[in-house]
Amino acid sequence: MVDLVVIALIAAGLGAIVWAADKKHHKYGALLPSAIAVIAAALTWIITVSAGLSYNPGWTWVPWIASLVAAVLFSTLASLLLSRNRSNYDTAQLTAILKR
């Protein structure tokens with residue numbers, strides 16, 4: 001269980017790094033990529049441990065690496081999609097307001 005807590009903390013940090021690296025991070029909340037990273041890492045860890053990969057000799061690293069890769073991947077995808085969609089939505093709304 002300590003493994004899951006440590007992975008969640010590392011995933012939250014990775015999500016914060018993804019948020020800071022995004023140039024359009026002002027379009028969405030600062031905790032959103034971290035929350036998505038923690039959820040993705042926890043689910044990946046639970047799935048890999050349930051599959052028995054944590055207790056096989058030579059495979060104990062799989063839940064750790066897979067969880068952290070999933071955290072970075074999902075938080076990056078969410079950040080890119082949210083910033084692009086939010087920018088398009090904000091531009092459309094501002095254009096509609098200015099046309100009045």
Side-chain angles (χ1 to χ4, degrees):
M1 191 53 114
V2 173
D3 294 348
L4 184 58
V5 172
V6 172
I7 286 174
L9 291 173
I10 294 171
L14 291 173
I17 291 170
V18 167
W19 178 81
D22 189 10
K23 292 181 181 178
K24 296 182 182 179
H25 66 262
H26 60 280
K27 297 287 184 181
Y28 54 88
L31 294 179
L32 189 64
S34 294
I36 292 172
V38 169
I39 291 168
L43 288 176
T44 304
W45 184 84
I46 290 168
I47 290 169
T48 54
V49 169
S50 297
L53 295 176
S54 177
Y55 304 109
N56 289 336
W59 292 97
T60 56
W61 57 272
V62 172
W64 283 85
I65 300 300
S67 297
L68 297 179
V69 168
V72 171
L73 178 70
F74 282 105
S75 64
T76 303
L77 287 174
S79 295
L80 292 175
L81 290 174
L82 287 172
S83 64
R84 183 180 60 205
N85 291 341
R86 185 68 189 236
S87 294
N88 293 340
Y89 178 76
D90 287 347
T91 303
Q93 291 296 325
L94 289 173
T95 303
I97 291 171
L98 291 174
K99 285 185 178 180
R100 291 182 190 177

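Computed from heavy atoms alone, side chains included, the values below leave out hydrogens, waters and symmetry copies.
Note on I39: it does not cluster hydrophobically with L82, by side-chain heavy-atom contacts below 4.5 Å among ILVMFWY residues. L4 and V49 fall within a single hydrophobic cluster, where Ile, Leu, Val, Met, Phe, Trp and Tyr side chains are chained together by heavy-atom contacts under 4.5 Å. Hydrophobic clustering, with ILVMFWY side chains joined whenever heavy atoms are under 4.5 angstrom apart, groups I65 together with V62. Criterion: ILVMFWY side-chain heavy atoms under 4.5 Å apart, direct or through other members. Under it, Y89 and L94 are not part of a common hydrophobic cluster. A single hydrophobic cluster is seen to contain both V2 and L68, as judged by linkage of ILVMFWY side chains at heavy-atom distances under 4.5 Å, directly or through other members.
Side-chain contact between K27 and D90 is present, with heavy atoms from C-beta onward closer than 4.5 Å.
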For residues 5-23, dump all side-chain donor-acceptor pairs below 3.5 Å to protein atoms at least two apart in sequence or in another chain.
residue: W19; atom: NE1; partner: H25; partner atom: O; Å: 3.3
residue: D22; atom: OD1; partner: K24; partner atom: N; Å: 3.3
residue: D22; atom: OD2; partner: Y28; partner atom: OH; Å: 2.6

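Counting only distance, with no hydrogens or angles, the side chain of S34 and the backbone of L31 share no donor-acceptor pair below 3.5 Å.
Here the shortest heavy-atom pairing between A71 and S75 reads O-OG, 2.8 Å. Here the closest non-hydrogen pair linking W64 and D3 is CZ2-OD1, 3.7 Å. Minimum interatomic distance between T48 and A66 (heavy atoms only, all atoms of both residues): CG2-CB, 4.4 Å. The shortest non-hydrogen separation linking T95 to T91 is OG1-O, 2.7 Å.
One distance of note links CG of L32 with OG of S79; it measures 7.0 Å at 0.5 Å rounding. Rounding to the nearest 0.5 Å gives a distance of 4.5 Å between CG of L73 and CG of L77.
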